[in-house]
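Everything on this sheet refers to the single structure shown next.
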2 protein chains.
Amino acid sequence: MDASIFAIQPTSAEPIYRQIVEQLRRLIAGGQLASGELLPSVRDVAGFHAINPMTVSRAYGIAETEGLLERLRGKGMAVAAMHRGTQSQAHRLALLEAQLADVARHAQELELPAELVLRRLSKIMGGS
Amino acid sequence: MDASIFAIQPTSAEPIYRQIVEQLRRLIAGGQLASGELLPSVRDVAGFHAINPMTVSRAYGIAETEGLLERLRGKGMAVAAMHRGTQSQAHRLALLEAQLADVARHAQELELPAELVLRRLSKIMGGS
DNA sequence: CCATGTGTATTAATACAACAATACACATGC
DNA sequence: GCATGTGTATTGTTGTATTAATACACATGG
């Protein structure tokens, strides 16, 4: 697997290691990273994105603690076998729940009608 | 105005002073805080939410720099006169744009169909 | 065996957030 | 005038988060 699977934004307020962990969570849950698949090495990812290897290692370590990844000694990190294939839609939707709740709260503070927000989001998602 | 207008989450990763600034932005843009309205004093807010007065003062100071608030010497802080009434829907929707883009990106990584996400968000917003 | 590839423990540097304790400038109202 | 109410500047301390630099242990493959 190529080091380019991750979309790192070094300028973002969100810490790099957390960006990686969260993308791993979603890519695995969505099935874009298949079970058993070998991930790019920490040095590959670090070199490609010009970040420190330890930052990547930290992300991989957290993902392993969460049970997302498995460590293959001498080989590297792979998607855990437990996570065979794609999770259920309900399970994946749950990963968006908190973010959707935030959107709803902010929309209410902005006194924006729900229909308007939904139309806008629909347009953004459709165009991707 | 009561000190309870702010919904502070001390455990959140987002800094308290920034929570306050962002809520001010939205509440003013949405018209829930009317122009000229007097805000709760820093000591009131700090006491009510059990946080440090200087943290509130910092938030008010930033909001003043942004032109959201006006300082009334000896009285306190008030919503700036410039912000008379509610902003246009387009202007308010723009404040949600970045967050909606994030939702779209995450949904794609999760391989969730747009309709499912929209239905879920609609339910959350409707129930509020 | 040994070069090369894994991941990572350790230490340090830097920055940030929040709190605490003062003290100050200003306006209001008795 | 003076007590009381604003916001704020200042200084210091504490705890934490993030990233970086270095060195190490281990497995693989010839």
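What's counted below: heavy atoms across the whole structure, side chains too, no hydrogens, waters or symmetry copies. Please read these numbers as outputs of a predicted model, since none were measured by experiment. Below, chains carry the letters A, B, ... as their sequence lines are ordered, and counting in each starts from 1.
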Rounded distance (Å) that lies between atom [atom2] of [N] and atom [atom1] of [X]:
X       : N     : atom1 : atom2 : value
B/Leu38 : D/dG7 : CG    : C1'   : 12 Å
B/Leu72 : D/dT8 : CG    : C1'   : 15 Å
A/Glu64 : C/dT6 : CD    : C1'   : 13 Å
B/Leu68 : D/dG7 : CG    : P     : 16 Å
A/Met77 : C/dG7 : CE    : P     : 7 Å

How do A/Ile51 and B/Asp44 order along DNA chain D: which one's closest nucleotide is nearer the 5' end?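 Of the two residues, B/Asp44 wins.
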Ignoring hydrogens and angles, tell me if any N or O in the side chain of [X] forms a donor-acceptor pair with the backbone of [Y] under 3.5 Å.
X        : Y       : answer
A/Glu37  : A/Ala34 : yes
A/Thr65  : A/Gly61 : yes
A/Glu111 : B/Gln32 : no

Set out, line by line, the N/O atom pairs under 3.5 Å between protein and nucleotides 15-18 of chain D.
from, atom 1, to, atom 2, distance (Å)
D/dT18, OP1, A/Arg18, NH2, 2.4
D/dT18, OP2, A/Tyr17, OH, 2.4
D/dT18, OP2, A/Arg18, NH2, 3.3

Return no unless some side-chain N or O of B/Ser41 is found under 4.0 Å from OP1 or OP2 of D/dG5.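 Answer is no, no contact under 4.0 Å.
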Readout for nucleotides 22-30 of chain D: B = base within 4.0 Å of protein heavy atom, S = sugar-phosphate only, - = neither; 5' to 3' it is B----S---
Any side-chain heavy-atom pair from [X] and [Y] closer than 4.5 angstrom?
X        : Y       : value
A/His49  : A/Pro10 : no
A/Ile124 : B/Glu97 : yes
B/Pro40  : B/Met77 : no
A/Glu64  : A/Glu70 : no

Quick one: label A/Ser57 by what it contacts on the DNA or RNA (base, sugar-phosphate, nothing), any heavy atom closer than 4.0 Å.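 If one applies the 4.0 Å heavy-atom cut-off, A/Ser57 turns out to touch a base.
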Between CZ on residue A/Phe48 and CG on residue A/Asp2, distance to nearest 0.5 Å: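 That separation rounds to 6.0 Å.
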Compile the donor-acceptor pairs under 3.5 Å between side chains in residues 21-29 of chain B and protein atoms, sequence neighbours left out, one pair per line.
from, atom 1, to, atom 2, distance (Å)
B/Gln23, OE1, B/Ala7, N, 2.9
B/Gln23, NE2, B/Ala7, O, 2.9
B/Arg25, NH1, B/Glu66, OE1, 2.8
B/Arg25, NH1, B/Glu66, OE2, 2.7
B/Arg26, NE, A/Glu109, OE1, 2.4
B/Arg26, NH2, A/His106, NE2, 3.3
B/Arg26, NH2, A/Glu109, OE1, 3.0

